[in-house]
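Both ligands and their constituent atoms are indexed starting at 1 by order of listing.
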Amino acid sequence: MLSKAARSRAEELREQLNLHNYRYHVLDDPLISDADYDQMLNELRDLEEQHPELATDDSPTHRVGGAISERFVRVPHPGPILSLANAFSEDDVRAWYERIARLDARVRETAFVVEPKLDGLTVVLHYENGIFNLGATRGDGQNGEDITANLRTVRTLPLRVPLKPNGIEVPARLVVRGEAIIFKKDFKEMNRRAEAEGSKTYVNPRNTAAGSLRQLDTSLTATRPIRLFCYSIIESNGEPLERQWSVLEYLRDLGFPVEEHARICEGIDDVLITIEQLASKRKSFAYEIDGMVIKVDDMELADSLGVAGKDPRGAIAFKLPAEERTTQLLDIGLNVGRTGVITPYAILEPVYVGGATVKQATLHNFDFIKEKDIRVGDQVLIKRSGDVIPYVIGPIVEARKGKEKRYKMPKKCPDCGEPIQIIEGEVAVYCANASCPAQLVRILEHFASRAAMDIEGLGIKIAVQLVEGNLVEDAGDIYRLKKEDLLGLEGFADRKAEKLLSAIRISKAQPLSRVINALGIRGVGETVAADLARHFRSLDALSIAKPEDLEAMEGIGPNIASGVVDWFALPRNKKLLAKLKKAGVWPEVEQVESGSQALSGQTFVLTGTLPNMQRGEAKALIVAAGGKVTGSISRKTDYLVAGEKAGSKLTKAQDLEVEIIDEAALKNLLG
Ligand code: IVH
């Protein structure tokens, strides 16, 4: 190809690719297929290889990385890259407002912009005649590190502006500030892959984003799902902008990715309401935010307020409680569950995290401690987000002082002292002693819980008292308790004892499904218990069920089946059942009249859109007629009810020769 033609083709391809990249990564609204994009990219790569003189700074071919640096070069920023003062409460925000309003009364009239504070790495991006030619970290605010080659691999970073054909004048010089982050879902996926490959998992999105952009090998950076949001202009000789709100709009118009939850607020009260609204949505954000930034909208006013130290007075960061904090691991405690599983937990130097003071956190299992090499005395990173149980992410290895102690697996049950059992191929570690008091406490707690026998007042505290007072050997003994027994326990007077005994008596009338759930059979929770009750109708029938009887049921595989059979075979469980029977806790499911139960024993799967019925409605009708509706097709499925746009389930049903019916046929079956 002639060099001139090549040049114009390369130019065209670059322009197209940059636009499609923007449509795909920034707007999430692609115009062409991935394959078409790849084809264009390949063509451009070939052209640039044949004519190296055609390669330009803004070429999308750089996005795949490849350059390897020895170290990062220091670059001066065009102006100081400032940070922000923090506010931790509504009072702090009001105090800031009053302070600046005293400095300049115009503050009382101005609007404010509230933006989510993105938890990532600040980047400073330079554009020369619209072409991205330098990108730096914040560094000390005066000088940063040149990470241009790494930043070129970030898909949402425009290599050339403007990308939108909307007649905006490109400023000859433009320096933009933004935040590089990793979305939560991308981060999860990174860790899923790392785990599958057996490599080290990443600690959190923020550190991973920062670490990725400081990789010397850019092809590694290119594999990381880094994204960018821009929020301010450090320098520009383009049109002067008077308001922060216009800055966001202008950046968006130039084709920069701009976060979309920013709000313009009339006054400080509006600011505080907005902060609360955004804070309540924190969990639903696709990325982590650590607060909100409140900015005086009028930029001239903001500038005139000046800078205090490194913090401009015209803005403040409202910090949300950190969800991750480091604290010292004081010790590792052990918990014995009702199935005998022993799990380790962290005993921590109390720390305020995610809005609460945390003293304990889960360590998952012993393999986790070993894999992460967690040592007693370590500084550990813990996370508490929303209602999730706090957990240890890992140790801060760099903070070790040498006195930390490696953890030794326990050899004995912490409660009964019997040797611990390790089952080959299983992560869990067990106490096999059936009369281990810790297990019995958990068994009682589960037995009495809301989804099981629902015995009001019988929680873990009373369970401990009953076990320690030698009043029960198993859950069946609850029904033999007498008032005198309870009166001997601390905190029990007449009324409390009577109330508990009455709750125990009432529980005798619980239906079969709850009693089955209460037994605490491995793999049998609320749903499976309900299925078993419906299928077997009595404990007598269930107790003699064979594995094949159980496995014939939808949703029950060999593990649950053997869990049930093994449970009923154990002498101590036979003893428990005898006690329950004697106490009258022996419910049966009444035989339902046939006729109204036209679909009894039949299993259905629903897929696609039905012409006249909502899926929920169809499900309710099937269940009311004695049938069962499950989510996935298997050989045990009797019918697939398929509507329009039925997808993979239809093919699977055909493969497994499951009968496929439509809405009309279903109505026929329902009678
Ligand atoms: S404005 C002088 N806006 O928060 C203006 N910063 O503690 C300062 N950050 O280092 C920055 N989201 O990395 C601003 N929407 C946002 C931000 C934001 C995240 C970071 C930024 C800065 C830190 C300030």
A quick test of your reading: do over 12 heavy atoms of other residues, nucleotides or ligands sit less than 6.0 Å from CD of Glu242? no

### Message
Please check whether Lys117 reaches ligand 1 - meaning an N/O of the residue sits under 3.5 Å from an N/O of the ligand, judged on distance alone.
### Response
yes

Pro312 heavy atoms within 4.0 Å reach ligand 1 at atoms 2 (C)

Does Asp146 pair with Arg71 as a salt bridge, N-O distance under 4.0 Å? no

The atoms of ligand 1 lying under 4.0 Å from a heavy atom of Pro116, numbered in the order shown, are 12 (N), 15 (N)

Can you confirm, on distance only, whether ligand 1 has an N/O atom lying under 3.5 Å from any N/O atom belonging to Lys295? yes

Next on the checklist: Given the ring of Tyr127, does Arg173 sit roughly above its face, with NZ or CZ under 6.0 Å from the centre of the six-membered ring and within 45° of the axis?
Outcome noted: no

| message | Around atom CD of Glu189, are there more than 12 heavy atoms from other residues, nucleotides or ligands closer than 6.0 Å? | response | yes

Quick look: Glu259 vs ligand 1, heavy-atom contacts under 4.0 Å, and the answer is neither

side-chain contact (heavy atoms from CB on, under 4.5 Å) with Ile393: of Thr201, Asn204, Leu381, only one passes, and it is Leu381

A student checking ligand 1 against Glu115 at a 4.0 Å heavy-atom cut-off should list atoms 3 (N), 15 (N), 16 (C)

Ligand 1 atoms nearer than 4.0 angstrom to some heavy atom of Thr122 are 10 (O), 13 (O), 21 (C), 22 (C)

- Considering only heavy atoms from C-beta outward, does the side chain of Pro171 approach that of Glu239 to under 4.5 Å? no

